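Below is one structure, written out as structure tokens; comments come after it.
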Amino acid sequence: MEEYLTDQLKTQEYFLNMGPQHPATHGVLRLLLKLDGEIIRNVDMDLGYIHRSIEKMCERDTYKQIIHLTDRLDYLSSHINNEAVCLLVEKALNIEVTDRIKVIRTMMDELTRISSHVLWWGVMGMDIGALTTFMYGFREREMINDIFEETCGARLTMNYNVIGGLRYDLHENFVKRVKDFIKHFKKKLPEYDKLLSNNVIFRKRLEGIGYISKEDAVAYGLNGPTARGSGVSCDIRKIHPYSAYDRVDFEEITFPEGDSYARYKVRIQEMHQSLSILEQLVDKIPEGEYKVKTKAVIKLPEGDYLQRVESARGDFGVYVKSDGQKFPYRVKFRSPGFANLTALNKMSEGLKIADLVAILSTIDIVVPDIDR
Amino acid sequence: MILNIFTDIHNKLLEHMSGGAAHITELILIAAAYLGIFAILGLLLVWLERRVAGFFQLRLGPNRVGPFGLFQTIADALKLVSKELTGTVKADSMLYRTAPYFVITTALMALSLIPFSHEIQAFDINIGVFFLISVSSVGVLGIFLAGWASNNKYSLIGGMRTGIQMISYELSVGMAIVTMTVLAGTLQISEIIEIQKDGWLIWKGHIPAIIAFMIFMIAGTAESNRTPFDLVEAESELGAGFHTEYSGMNFAYYFLAEFVNMFIIASVAVILFFGGWLSPFGITDTIPFAGLFWFTVKVIGVIFIFMWFRWTFPRFRIDQLLTLEWKYLLPVNMVNIVLMALIVWLGLTL
Amino acid sequence: MNNTDIKNKIENKFSELTISGEDKEFLTIEIPKNSLKKLLSFLKNDEELKFDYLFALTGIDFGEELGVIYHLESTKTRKTIQITVKTNDRNKPEIETIHDIFPAAYFNEIEAHEFFGIKFKGHPDLKHLFLPENWDKGYPMRKDYTDINMLIR
Amino acid sequence: MSYFSDIINGTKTLLTGMRITGKYFFVNLFTRKDVITRQYPDNIDTLKMFDRYRGEVIMLHNENNEHKCDACTLCEKACPNGSIEVIGDKKINPETGKNVRFLVKHIYHLEMCTMCGLCIEACPQNAIAWGQNYHNTAYDRSKLTKVLNKPGSKIVPGLKG
């Protein structure tokens, strides 16, 4: 009977071009879906719609000039990307920065992480269909952006880190603003749970969807919150602590379920952790220099250098091969989003279009980061 | 006292011309009036939606054009009118062009049944509620055809989703209405309202009526393709769904019809559960046209709940949509009808 | 387990490679391309080392030679290791694919192929991922690539 | 009886969500207290950017229309995008008799600038600084190419030039 049915009821597979202009692809990502009805058989991707070849551009820039290019990679964690390059150069030249610099960098990192996660939360709701969350997310993000703008001079492409320290000292309002933000966000974060996390429709949309096992997550090179949703412990802040992360107390959030909802929970919990880091540091910003004296022309000794940081999306890495010149010989930006995206096909097999949108949301891609 | 302005007009016309001519003039007059109501309703509701959405989302909404931004939607409509009508090359052009008219025609037909007050009801047929359900199920065709004829895969998926969704939720809407007609004992809309003079049906039918109301609200949201049931045009998945390929006025037809449909669903809820144009406790029932005020207030109340849903909830997935209907709403509905019948039979109504 | 232990362990097993950087943050291995796959599967599957996380796959143009740099991390010891393979042939560079060992390499290899022209033997679909489908102007990340639109100081 | 408890718990979560949005709705309806958007062109008079805001590069002039730039081209060299062109010339200073550089034109391409700030850091004289202008739109790309030194301006006397 079943054979008869499958013989008679033939369905035709077809292709659907999702993107480059599509609301769910968060920019200009093109997905080629092979569909059977609404069920996804295969996801193929086409990237490069905003490829700027930043790696090649870095080969003609000095180390100081590279930093501002990293703003344009993952624009939602630009501060963390800046820091990666600065840390790499400081490590290579054995520049020891002051405690003040370390603490400020850590605080900025965490503010960046919160602002990125808050934006992700808003957009996540929007992808699932709850349009209101977007504005609620932006309310918090706006406060952080104001903090950034006042201290760093820009809201998104902060470019605040320089080799050997920071561009400016903290603005006098910084501490007050951060304290205000902590107070505000502590009140609003439970609302996120009430509005979205516990919502029965939302949970049904995410639970059990986009499963990826721990082994697969490692094999596909997943990182950041996406991998931690599968129970992989991969927080660079814990594994290879940098800046002031070795002196603050925070937990690495992992959930073993491996589905979209686990990834969602990881990010929500990470916001709580970031908030606690901020609380620990805000009253203890040490006095000191905000910038260490460096040479005017920075040349890295010949060799290979690698610096990894935990950006909002995961394991961001900078690899530099230097030949002793003032320009790097080869720079590689290891993009967390690119690695996460490679597992998309695996995650979305046999699911529906609506699920693909949810998965894309939970792996939290930023297309400039993928295209580089 | 005026009984019904439409009968008045009919009689006035008969005084001046012969029967046939009077009839045709009356038809044209009323049709024009209802087209006007359709447009005004649509535009007002779009404005209301945007304004309400603004407040939900910590914004202000349109507030620049006219007082409270009231003319914003008119400006938008003018813009849409002036826009080019585009289409896909290989679209089935006949169906593609006619599809929007299915939607507005049915919306208009359903609108003619709505009693705005005691005096304003164009078409009071004795199978009113039944007519309303059957007419509104034709409207689906317009959406379905749009999805099919556009020759766009996103539209097609949207159209197919409509088919599934409408067939399923039509049931729940119908059953919820049946539950209430068991209580009311009539299908004629004016009579249903008349019965409620000594108490609204949601009060009279207490438990089963409240359950029926909840089901009606859920299914009604689905009927009007609104979040959380807006899979048909789910913008994060399908771009715009069935009307991806429509532009200019053709798009505006769908857009307005969607809001008018919401108005119709809300009106039906008000008629069946909250006594239509009746004032609470009969305080203003003797004043002519006071019903219009109460009807509007009640309908806006129900519409606000629809909007509240829309700006709070995430969207369902297609299989969850069907699960909700066939596994939850339908069985509950079945039991509810029996319960209602028992209550009416045993005389337990309040 | 420190770098010296790892070095000894690898050197016991493989003789044709050169290891340096014991005192540095991570070991740097240079290996001929025909034993690359053997080394990588050893590194991944060895219970003590367990270098199972492909952190990055970087194509690189050494001027004369083309090469690929693999950065692996062990999820057990949290040590990083850098492996370099080189190929002399600039016209038809070929390196074996490792996407069957590390699925993460699949798209990274496509990227390296696009920008450096390195053919990964055994890779099923070396399509254009970042560049346009009809791209035929060579390999942009190579050092000898010139483009009139490029901003050069 | 998970069927019924599912319905009840599910409805509860939905109502909690509605309470949150409903609260904001009514607060905004009556008081506008939680409205977070700013009414942009209306508040244009009161809108002030932060001091460190990086809007565009400007050259500082004092009240005598004098700047500090001696056309050393360090900013041009520091710029990663080539958005600064310094056109200088040499002339003999009548007082000292030395051959010195002076600035003819400091051309700034705003359309290419990424606001990285390296030029301002590189400037030994602090002749250029950040301007807080945020209204940088133009209908023509060429309008974004600016000459930073004002017409007729000279270098502050006493400086090298």
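Every value quoted in this text rests on a predicted model; they were computed, and no experiment measured them. So that the names make sense, note that chain A is the first sequence line, chain B the second, and so on, each numbered from 1.
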Completion exercise
Rounded to the nearest 0.5 Å, the OG1 atom of Thr58(C) sits from the OH atom of Tyr319(A) at a distance of 6.5 Å
Practice task
Could you grab the distance from atom CG of Leu306(A) to atom CD of Glu73(C), nearest 0.5 Å is fine?
Solution key: 9.5 Å
Exercise for the section: Verify the distance criterion only: is there a donor paired with an acceptor across the side chains of Tyr106(C) and Asn345(A) at less than 3.5 Å? Expected result: no
Problem - Segment of Met57(A) engaging chain C (4.5 angstrom heavy-atom cut-off) - result: neither
Handout entry: Charged N-O contact under 4.0 Å between Lys127(C) and Asp44(A)
Key = yes
Exercise for the section: Measure from the ring center of Tyr53(C) to the ring center of Tyr220(A) and say whether it is less than 6.0 Å. Expected result: no
Practice task
Measure Phe338(A) against the heavy atoms of chain C and call it side chain, backbone, both or neither at under 4.5 Å.
Solution key: side chain
Handout entry: side chain to side chain contact (heavy atoms under 4.5 Å, CB included) assessment of Phe115(C) paired with Glu55(A)
Key = CA-CA 11 Å; Phe115(C) 291 130; Glu55(A) 288 170 11; over 6 Å; no
Handout entry: Spacing of CD belonging to Glu111(C) relative to CD1 belonging to Ile370(A), to within rounding of 0.5 Å
Key = 11.5 Å
Completion exercise
To the nearest 0.5 Å, atom CG of Leu54(C) lies from atom CZ of Arg334(A) at 8.0 Å
Exercise for the section: Taking Arg330(A) for its side chain and Gly59(C) for its backbone only, find out whether a donor-acceptor pair lies under 3.5 Å. Expected result: yes
Problem - Per-residue contact mode, Glu59(A) against chain C (heavy atom under 4.5 angstrom) - result: side chain
Practice task
Compare every heavy atom of Ala56(C) with every heavy atom of Lys332(A), then report the nearest pair and how far apart it is.
Solution key: CE-CB, 4.5 Å
Practice task
Name the orientation class of the two ring planes belonging to Phe130(C) and His51(A) (parallel below 30°, tilted from 30 to 60°, perpendicular beyond 60°).
Solution key: tilted
Exercise for the section: Output the distance between atom CZ (Arg78(C)) and atom SG (Cys234(A)), rounded to the nearest 0.5 Å. Expected result: 7.0 Å
Problem - Side-chain donor/acceptor of Lys56(A) to backbone N/O of Pro140(C), under 3.5 Å - result: yes
Practice task
State the CG-NZ distance between Asp61(C) and Lys321(A), to the nearest 0.5 angstrom.
Solution key: 12.0 Å
Completion exercise
Turns out that what part of Lys91(A) lies under 4.5 Å from chain C's heavy atoms comes down to side chain
